[in-house]
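Below: one structure, written as structure tokens.
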Amino acid sequence: MIEHSHLKIIQALHTNGTLTEAANALCLSQPALSHQISYLEKKLGIALWEREGRSLRLTQAGLLLLEVAHQVLPVLSQAEKIIKIFPKIKIA
């Protein structure tokens, strides 16, 4: 299953261009980010990025997930904002 954090990683890599800069933007270490990328690619069975020197370029599959991230992340963010204004209900 693709998780919220995976979509954020795809966006950060696309926006920042390098593992180091993306890791900094996500408040992760570079090895932790590399591990997450590797995990996602293995889970999906397809490469999402191609390395070009120090930079990363999204593959077609990666670009598809980037488009999904652009659609889904704002919706999730809006839902979180709306939920926060609901009255607090105690769960028994």
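All values below come from the heavy atoms of this structure, side chains included, with hydrogens, waters and symmetry mates left out.
- Listed by chain and number, the hydrophobic cluster partners of Leu64 come to none, as no ILVMFWY side chain reaches under 4.5 Å of it.
- Residue Val75 shares its hydrophobic cluster (ILVMFWY side chains chained together at separations under 4.5 Å) with no other residue.
- Judged as a salt bridge (charged side-chain N to carboxylate O under 4.0 Å, His left out), and not counting sequence neighbours, the contacts of Glu52 are Arg57.
- Residue pairs that meet the side-chain hydrogen bond (donor to acceptor under 3.5 Å, both in side chains) test with at least one member in residues 22-38, sequence neighbours left out, are Gln30-Ser34.
- Taking the side-chain hydrogen bond (donor to acceptor under 3.5 Å, both in side chains) definition, one finds that Gln60 meets it with nothing, sequence neighbours left out.
- Residue pairs satisfying the side-chain hydrogen bond (donor to acceptor under 3.5 Å, both in side chains) criterion with at least one member in residues 7-16, sequence neighbours excluded, are listed as follows: Gln11-His70.
- When the side-chain contact (heavy atoms from CB on, under 4.5 Å) test is applied to Ile85, no partner is found at least two apart in sequence or on another chain.
- Side-chain contacts under 4.5 Å among hydrophobic residues (ILVMFWY), followed directly or transitively, place Leu58 together with Ile2, Leu7, Ile9, Ile10, Leu13, Leu19, Leu26, Leu28, Leu33, Ile37, Leu40, Leu44, Ile46, Leu48, Trp49, Leu56, Leu63, Leu65, Leu66, Val68, Val72, Leu73, Leu76.
- Not a single salt bridge (charged side-chain N to carboxylate O under 4.0 Å, His left out) links Glu67 to another residue, sequence neighbours left out.
- By the side-chain hydrogen bond (donor to acceptor under 3.5 Å, both in side chains) test, Glu41 pairs with no residue at all, sequence neighbours left out.
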List the steps and the verdict of side-chain contact (heavy atoms from CB on, under 4.5 Å) for Ile83 and Glu80. CA-CA 5 Å; Ile83 288 171; Glu80 288 172 356; 5.8 Å; no
